[in-house]
Amino acid sequence: MRVIIIGAGIAGLAAALRLRQIGWESLIIERAPQRRGGGYGVAFGGIGYDAAERMGILPALKDKAFITKELVYHKANGQRSFSLTRETIAATMGNRSMNILRGDVETVLYEAVRDTTEIRFATTIDAIDQDERAVHVTLSDGSIEHADLLIGADGLHSATRALAFGPEEDYRLDLDHMVAVYMLDKRPAAIAQGTTGTLSAGGRTVAVISVGDGRNVAFFGYRTDRSTGTPADGPHKTLPRVYGDMGWVVPEVLAGLQTADSIYFDTISQMVLDTWSRGRVVLLGDAAWCVTLFAGYGSSLAVGGADLLGAALENNPGDIPAALAQWEAGLRPEVERKQKLGRRVKGVYAPANPFVLWLSQLPLRLASLGPVRHYMARRYIKG
Ligand SMILES: Cc1cc2nc3c(=O)[nH]c(=O)nc-3n(C[C@H](O)[C@H](O)[C@H](O)COP(=O)(O)OP(=O)(O)OC[C@H]3O[C@@H](n4cnc5c(N)ncnc54)[C@H](O)[C@@H]3O)c2cc1C
């Protein structure tokens with residue numbers, strides 16, 4: 001059996017690994033000229049953790065996981081407000097979950113498939129055709145590839161989805177926020193090594209996140225119901241406009257924009273489709289659902305979803321539609337729960353009203369108390 005996978009992100013690489021484990025051959029098509037790496041710190045747990053264990057990559061992921069020494073919240077004037085210790089952070093996460101750089105999850109998966117899987121970089125998908133026996137994919141390098149299954153794992157702005165399901169606007173639910181993330185060459189002096197500092201004010205959050213090995217990520221998330229311009233203006237123009245009046249470490253972090261290798265800058269949007277497959281074409285990961293960073297579960301769902309897809313294909317040999325139907329029926333309730341969680345968290349994230357901000361931080365201030373910690377673990381982590 002052969003699969004063509006569009007996208008060498010977490011979802012695409014996890015699918016290649018899982019399908020190889022059931023004897024499938026994969027061809028991965030990646031638009032970027034080379035591996036992307038980097039990214040931001042993600043919480044990796046739930047069905048992703050279980051899947052990683054079954055797929056044999058858990059030890060390699062654990063090697064790259066990090067624990068922030070302290071998470072410090074700052075007031076609008078930059079003064080320290082309150083903080084969570086390493087022990088409290090670890091306790092709210094539970095013991096089958098880890099913090100890890102998004103790019104490190106990708107690296108572990110890439111290392112696991114690179115010797116057995118062809119990855120064609122700087123290539124994209126131009127057309128899809130399918131019949132009862134195969135799916136035929138025209139690629140931007142002019143070649144036509146044939147397979148039993150096509151997996152669209154090409155992220156929020158999936159070209160596979162556009163070709164097989166129609167325009168993105170028909171499925172995109174914008175959560176009225178923008179996010180920007182990039183690696184910092186230099187940690188601002190006011191952020192102690194190994195700690196994460198964050199400040200929320202006026203509908204804007206900024207953070208310097210320590211992601212292990214001395215690496216630090218700049219994070220910006222803000223509401224777009226202010227005069228923030230459009231994503232098309234790009235991060236170099238937009239971020240100084242939105243955050244230019246903030247003190248604390250913000251000027252230093254904004255200066256890091258000039259030397260950042262790659263900047264993630266996008267709307268925070270979910271994808272809402274009432275089915276994730278059309279015949280022999282199936283969507284996986286952000287292309288299919290994009291629960292968003294508000295749910296903090298996209299990487300976990302990408303790996304967990306790939307694992308369950310492999311299991312469904314194994315259980316229904318030779319019957320792709322039956323496998324895809326079984327896979328979706330099993331996974332959809334979890335995805336919908338996380339999408340709902342994402343929409344709920346949106347309401348308390350970076351609130352413009354200082355009183356709402358104070359209220360939304362209250363559980364964090366109290367997090368070191370046992371009962372509150374259990375409540376948070378249930379509400380925010382398990383969803
Ligand atoms: C700031 C932030 C914080 C997050 N925090 C968490 C968290 O705490 N926990 C968590 O579990 N998740 C988190 N997530 C979500 C998580 O990163 C994603 O859900 C996860 O990486 C799954 O991605 P994916 O592989 O589906 O898509 P992507 O990572 O977008 O990968 C898609 C791949 O397809 C390629 N591609 C795109 N278009 C084409 C094309 N036309 N042709 C060929 N290739 C193409 C891209 O170059 C890319 O390599 C966060 C996301 C953000 C933005």
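Sequence positions, counted from 1, serve as the residue numbers for this chain. Start at 1 and go down the list; that is how both ligands and their atoms are numbered.
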- Hey, does the side chain of D154 reach the backbone of T160 with a donor-acceptor pair shorter than 3.5 angstrom? yes

- Query: Where the side chain of S300 meets the backbone of G45, is there a donor-acceptor pair that is under 3.5 Å apart?
  - Reply: yes

- Are any of the side-chain nitrogens in D213 or K64 under 4.0 Å away from the carboxylate oxygens of its partner?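 Here D213 does not pair with K64 in a salt bridge, since their nearest N and O are not under 4.0 Å apart.
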
- Carboxylate-amine/guanidinium contact E336 K340, below 4.0 Å: no

Spacing of [X] atom [atom1] and [Y] atom [atom2] [to the nearest 0.5 Å]:
X: D63; Y: M98; atom1: CG; atom2: CE; answer: 10.0 Å
X: S210; Y: E70; atom1: OG; atom2: CD; answer: 11.5 Å
X: W276; Y: L284; atom1: CH2; atom2: CG; answer: 9.5 Å

Considering heavy atoms of the protein only, find what lies nearest to [atom] and give residue, atom and distance to 0.1 Å.
atom: atom 35 (C) of ligand 1; value: E30 OE1, 3.3 Å
atom: atom 31 (O) of ligand 1; value: G9 CA, 3.7 Å
atom: atom 22 (C) of ligand 1; value: D286 OD1, 3.8 Å
atom: atom 39 (C) of ligand 1; value: D154 CB, 3.6 Å
atom: atom 50 (C) of ligand 1; value: Y40 CE1, 3.3 Å
atom: atom 41 (N) of ligand 1; value: T124 OG1, 2.9 Å

- Message: Does anything in residues 183-195 form a salt bridge (charged side-chain N to carboxylate O under 4.0 Å, His left out)? List the pairs, not counting sequence neighbours.
- Response: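 For residues 183-195: none.
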
- Task: Name all pairs fulfilling the side-chain hydrogen bond (donor to acceptor under 3.5 Å, both in side chains) condition that reach into residues 122-134, sequence neighbours left out, sorted by first residue then second.
- Result: D131-H136

The one among [options] that brings a heavy atom closest to [atom]:
atom: atom 6 (C) of ligand 1; options: V42, V181, I28; result: V42
atom: atom 32 (C) of ligand 1; options: S97, G7, A153, G12; result: A153
atom: atom 27 (O) of ligand 1; options: G45, G41, G155; result: G155

Would [X] count as a polar contact of ligand 1, with the cut-off being nitrogen or oxygen pairs under 3.5 Å?
X: A43; result: yes
X: G296; result: yes
X: E106; result: no
X: A32; result: no
X: A11; result: yes

- Message: Is a donor from one side chain sitting under 3.5 angstrom from an acceptor on the other, for R172 and T267?
- Response: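 Judged by distance alone, the side chains do not pair up.
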
- Message: What I want to check is whether the side chains of Q270 and R343 have a donor and an acceptor closer together than 3.5 Å.
- Response: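 Side-chain D/A pair, Q270 to R343: present.
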
Ligand 1 atoms in contact with [X] (distance to a heavy atom under 4.0 Å):
X: S300; result: 11 (O)
X: I29; result: 43 (C), 44 (N)
X: T123; result: 43 (C)
X: Y264; result: 53 (C)
X: G285; result: 26 (O)
X: A159; result: 41 (N)
X: I6; result: 42 (N), 43 (C)
X: Y297; result: 9 (N), 10 (C), 11 (O), 12 (N)

- Item | Candidate pair K338 and E334, rule salt bridge (charged side-chain N to carboxylate O under 4.0 Å, His left out), full reasoning | CA-CA 6 Å; K338 294 299 174 183; E334 174 91 341; 5.3 Å; no

- Query: With backbone taken as N, CA, C and O and side chain as the heavy atoms from C-beta onward, which portion of I10 lies under 4.0 Å from ligand 1: side chain, backbone, both, or neither?
  - Reply: both

- Taking heavy atoms and a distance under 4.0 Å, where does R31 meet ligand 1: side chain, backbone, both or neither?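 Both backbone and side chain.
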
- Side chains of R2 and L27 in contact at under 4.5 Å (non-hydrogen atoms):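 In contact.
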
